[in-house]
Colleague: 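First the structure, which I've put down as structure tokens, then a few questions once you've had a look.
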Amino acid sequence: MAVVAGNWKMHMGPAETEAFFREFGVPGAGGGHEYVVFPPALSLARAVASLPAGSPVRLGVQNVHWEESGAFTGEISVSMAREAGATFVLVGHSERRHVFGETDDEVARKVRAVQDHGLTPVVCVGETLDERRAGRVDEVILRQLDAALAGLGDDPGRFMVAYEPVWAIGTGETATPDDAQAAHGTLRERLAAQLGPERARGVPILYGGSVKPSNAGELTARDDVDGVLVGGASLDPVSFAAIAAACR
Ligand code: PEP
């Protein structure tokens, strides 16, 4: 069993969202995966209305502001997302960090706000190609994880971590299963040091970065790869279902 998550980024308006869920249907019982889809916030209500009865798919938003309300043009709050049907929130996706300049401190505030409202944050971490070449993978992902954990406080509720090397997102390049396992192992160790080994084992760590039906199986076969966060290949219900079928 794995977590199979889809990040639709700025794709899929309401009509396409409805068509996706009509075709995706109710995934078969085989695998017993946990499914989470992150449509654009404007398509969330349509996603809620389009999920077939009995669907195990949960919904989330791709970003939130940490404040409850106010003069923050263009932003949405966690309570708005929750009211519209979100139970998960992506926090610190690499596009938020690298395109929109989101900082570790902002990630911490968002993670705290998400948990305060009872939603599940999926905290994204990952190194750039330059950082990998400079041998700084562990340093970068642990710094990002530590900042998020600081936001979660002493008694974090449920959360997930997504290891998404920046150089693998939307590029067709995928981390090897060994590289993914090495990074996930590093993250698990840090979680164990902070939360204790038992709780650390219960935190799903997802891999993201050009996941497709042909590589999802070998990635999720590794001990510390508990699921996948899929961008491009989650836009097509057939390939998203094929990825789920391949996940272990
Ligand atoms: C993502 O958006 O989180 C992602 C991993 O994208 P892709 O699968 O397209 O690389």
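One is the number of the first residue; the rest follow in order along the sequence. Ligands are counted one by one from 1 in listed order, and the atoms in each one are counted from 1 as well. For the numbers below, each heavy atom of this structure counts, side chains included, while hydrogens, waters and symmetry mates do not.
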Colleague: For ligand 1, which part of N7 has a heavy atom less than 4.0 Å away: the side chain, the backbone, both, or neither?
Modeller: side chain

Colleague: Take every heavy atom of H93, measure it against each atom of ligand 1, and state whether any distance is under 4.0 Å.
Modeller: yes

Colleague: Yes or no: does A233 have any heavy atom under 4.0 Å from an atom of ligand 1?
Modeller: no

Colleague: Compute the shortest N/O to N/O distance between G170 and ligand 1 and return yes if it is under 3.5 Å, no if not.
Modeller: yes

Colleague: Kindly work out whether a path of hydrophobic side-chain contacts (I/L/V/M/F/W/Y, heavy atoms less than 4.5 Å apart) joins V225 to V125.
Modeller: yes

Colleague: Do other residues, nucleotides or ligands put more than 12 heavy atoms under 6.0 Å from L42 CG?
Modeller: no

Colleague: Write out the residue and atom name of the closest protein heavy atom to atom 5 (C) of ligand 1, then the distance separating them to 0.1 Å.
Modeller: E164 OE2, 3.1 Å

Colleague: Just by distance, with hydrogens left out, do E68 and H117 show a side-chain donor and acceptor under 3.5 Å apart?
Modeller: yes

Colleague: If we only consider heavy atoms of A168, is any one of them less than 4.0 Å away from an atom in ligand 1?
Modeller: yes

Colleague: Determine, considering heavy atoms only, which of S210, S234, G231 sits nearest to atom 6 (O) of ligand 1.
Modeller: G231

Colleague: Would you mind running through ligand 1 and noting each atom that sits below 4.0 Å from a heavy atom of G232?
Modeller: 7 (P), 8 (O), 9 (O)

Colleague: With sequence neighbours left out, what residues match T174 under side-chain hydrogen bond (donor to acceptor under 3.5 Å, both in side chains)?
Modeller: N215

Colleague: Would E95 count as a polar contact of ligand 1, with the cut-off being nitrogen or oxygen pairs under 3.5 Å?
Modeller: no

Colleague: Counting from 1, what ligand 1 atoms have a heavy atom of G209 closer than 4.0 Å?
Modeller: 5 (C), 10 (O)

Colleague: If Ile, Leu, Val, Met, Phe, Trp and Tyr residues are connected whenever their side-chain heavy atoms lie under 4.5 Å apart, and connections chain through other members, are V36 and L44 in the same group?
Modeller: no

Colleague: Test W8 against every option in F38, F20, F240 by the ring-ring contact (aromatic ring centres under 6.0 Å, His included) rule and name the one that passes.
Modeller: F20

Colleague: With D146, which residues qualify under salt bridge (Lys or Arg N to Asp or Glu O under 4.0 Å), at least two apart?
Modeller: R190

